[in-house]
Colleague: 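Just passing along the structure, written as structure tokens.
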Protein chains: 2
Amino acid sequence: MPPRKPASKDPEPLPRSARKDLTRAKLLQAALTLMGEGRSFTSLGLREIAREAGLVPNAFYRHFRNTDELGLVLVEDVGITLRRLLREARKMDVAPRDMLRRSVSVYLEYVKLNRLQFLFISSERSGGSRILRLAIRNDVTHFTNEMAQDFRIRGLYAQLPTASLQMVCGMIVMTMLAAATDVLDLPPDQPLLEAEMSENFVQQLKIILFGATRLNDALTRS
Amino acid sequence: MPPRKPASKDPEPLPRSARKDLTRAKLLQAALTLMGEGRSFTSLGLREIAREAGLVPNAFYRHFRNTDELGLVLVEDVGITLRRLLREARKMDVAPRDMLRRSVSVYLEYVKLNRLQFLFISSERSGGSRILRLAIRNDVTHFTNEMAQDFRIRGLYAQLPTASLQMVCGMIVMTMLAAATDVLDLPPDQPLLEAEMSENFVQQLKIILFGATRLNDALTRS
DNA sequence: ACGATTAGTGTACGAATGTACACCAATATA
DNA sequence: TATATTGGTGTACATTCGTACACTAATCGT
């Protein structure tokens, strides 16, 4: 004879708030999933997202006022992802030989690992809702600033005024995002194209770093 | 007594095909106008565009099968605009001093002049319909290639293999597009911010050109 | 001059969307 | 244990959309 609780039902006796967070996460994931299927976030509807999450349309309102608000949470998550990337990059610490190439391949792996998030920022950074655009731009700017700060700490380009250093980091970030965009809409498992793309990426960074070095040296001599 | 034709009516006795081209242009312009009002092209509907053009929804079909097809025509127009830009750049010919800064300011003027078109590619380049994205990427690639060819003709970076030269031009174009995006969503008539942005742009190009020079020199010496 | 072509209109329909309201059942609070 | 909260459901409605069909009137080809 079964116990008081039939055991087959009641799969998760969680506190209500935990359940809420769970379905909220389902909504966020649903949006990402749909984007993974080629839809652009801007074109997603509240009903569509709820449906993908296995919910009735109205349930959406229990978590977000509208799709833009959901998008902002996604941006927030991206911010966390970027911070984690920086933290891992910092670990990679002092330069062995071809550290650049290694960084690049680590980064590209990271992009593929967080595919949907990068897809999201890549397509919404200049795309749809003004609010989202600004939020993403904000995240990217923060990322850039932290990178500049890291450069400072490591004594790289020590002669450059902060503004210039930030500009250089801005170029690096821009290049990183462009590279991410490229890997992402590369047909999957094309190791040849991907290697070529990756090599291109390395060369681009080299150019930026060369240029920055020269800028730095010019200031050193004066 | 008025002549056979009442004269007050009949504003344009044009051949039919010309009239057609004219309303077609109205549709294209309508799409651009709507984008100028903050809408993203992807989010525009056939009805909306027709309405803005002063037409009944069905009239749209006499010119385009769907909005994507209209978008492709817009991309084509952008291609023409870019070609014109290159032609004018070629005229500017041999380098007086601070040619770079001049080029930049000419370019930024050009962007503001063709505001809506640049707004269009900037937001659809990574944004919405796959077809449009590819078409735009194609245009940008062509632009890049022509720029590389111009470099070749002028004997710039003569030591660089074609692939590297194209990569350098790719970086320049990427930087140009990013700068365009920046001017475009700058609040209008902020000469201070714009000047700062423009100066940043110049510095970025300098870095790329420095880096490319170094790459070229390395190959020269070997 | 006359019949064919066609740019643009009018009406209509099914599908999808955002949102409002009433409701339920389980959890939380007292 | 009684009550209030609340995550989720069901129904409903106005709006918008893409598109199909029939129609008109002006232009074109012969």
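A note on names: the letters A, B, ... follow the listed sequences, proteins ahead of strands, and every chain is numbered from 1.
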Colleague: Surrounding CZ of Arg84(A) (heavy atoms of other residues, nucleotides or ligands, distance under 6.0 Å), is the total greater than 12?
Modeller: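 Buried by this count: over 12 neighbours within 6.0 Å.
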Colleague: What is the distance, rounded to the nearest whole Å, between atom CZ of Phe60(A) and atom P of dG10(D)?
Modeller: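 Distance check: Phe60(A) CZ to dG10(D) P gives 19 Å.
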Colleague: State whether a side-chain donor-acceptor pair under 3.5 Å links Arg152(A) with Thr162(A).
Modeller: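 Looking only at side-chain atoms, Thr162(A) and Arg152(A) do form a donor-acceptor pair, the distance falling under 3.5 Å.
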Colleague: OP1 or OP2 of dG18(C) sitting under 4.0 Å from any side-chain N/O of Arg51(A)?
Modeller: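 No.
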Colleague: For nucleotides 4-9 of chain D, tabulate all protein N/O to nucleotide N/O atom pairs closer than 3.5 Å, reporting atom names and distance.
Modeller:
unit_1	atom_1	unit_2	atom_2	d
dT5(D)	O2	Arg16(A)	NH1	3.4
dT5(D)	O2	Arg16(A)	NH2	3.0
dT6(D)	O4'	Arg16(A)	NH2	3.4
dG7(D)	OP1	Lys20(A)	NZ	3.3
dG7(D)	OP2	Lys20(A)	NZ	3.4
dG8(D)	OP1	Thr23(A)	OG1	3.0
dG8(D)	OP2	Thr23(A)	OG1	3.3
dG8(D)	OP2	His63(A)	NE2	2.7
dG8(D)	N7	Arg62(A)	NE	2.8
dG8(D)	N7	Arg62(A)	NH2	3.4
dG8(D)	O6	Arg62(A)	NH2	2.3
dT9(D)	OP2	Val56(A)	N	3.2

Colleague: Would you mind reading off the distance between Leu34(A) atom CG and dA16(C) atom P, rounded to a whole angstrom?
Modeller: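 The answer, rounded to whole Å, is 15 Å.
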Colleague: How many angstroms lie between CZ in Phe120(A) and CD1 in Ile136(A), if you round to the nearest 0.5 Å?
Modeller: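 Taking CZ in Phe120(A) and CD1 in Ile136(A), the distance rounds to 5.0 Å.
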Colleague: Just checking, is any N or O donor in the side chain of Glu124(A) or Thr42(A) under 3.5 Å from an acceptor N or O on the other one?
Modeller: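 Looking only at side-chain atoms, Thr42(A) and Glu124(A) do form a donor-acceptor pair, the distance falling under 3.5 Å.
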Colleague: Starting at atom OH of Tyr61(B), determine the distance to atom C1' of dT6(C), rounded to an integer number of angstrom.
Modeller: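 To the nearest whole Å, that distance equals 18 Å.
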Colleague: Between atom CD in Glu48(B) and atom C1' in dC17(D), what is the gap in whole Å?
Modeller: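 Answer to the nearest Å: 10 Å.
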Colleague: How long is the line joining CZ of Arg47(B) and P of dA20(D), in whole Å?
Modeller: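 Roughly 13 Å, once rounded to whole Å.
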Colleague: What closest approach, in Å, do Ser40(B) and Gly128(A) show between heavy atoms, and which atom pair accounts for it?
Modeller: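 Closest approach of Ser40(B) to Gly128(A): CB-CA, 4.3 Å.
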Colleague: Report the distance from atom CG of Asp68(B) to atom P of dG18(D), rounded to the nearest whole Å.
Modeller: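 Checked: the CG to P distance equals 12 Å.
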Colleague: Can you tell me the distance, in whole Å, between the CZ atom of Phe64(B) and the C1' atom of dG8(C)?
Modeller: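 Whole-Å distance recorded here is 15 Å.
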Colleague: Are Thr181(B) and Ser122(B) close enough that a side-chain donor and a side-chain acceptor fall under 3.5 Å?
Modeller: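 Ser122(B) and Thr181(B) do have a side-chain donor-acceptor pair below 3.5 Å.
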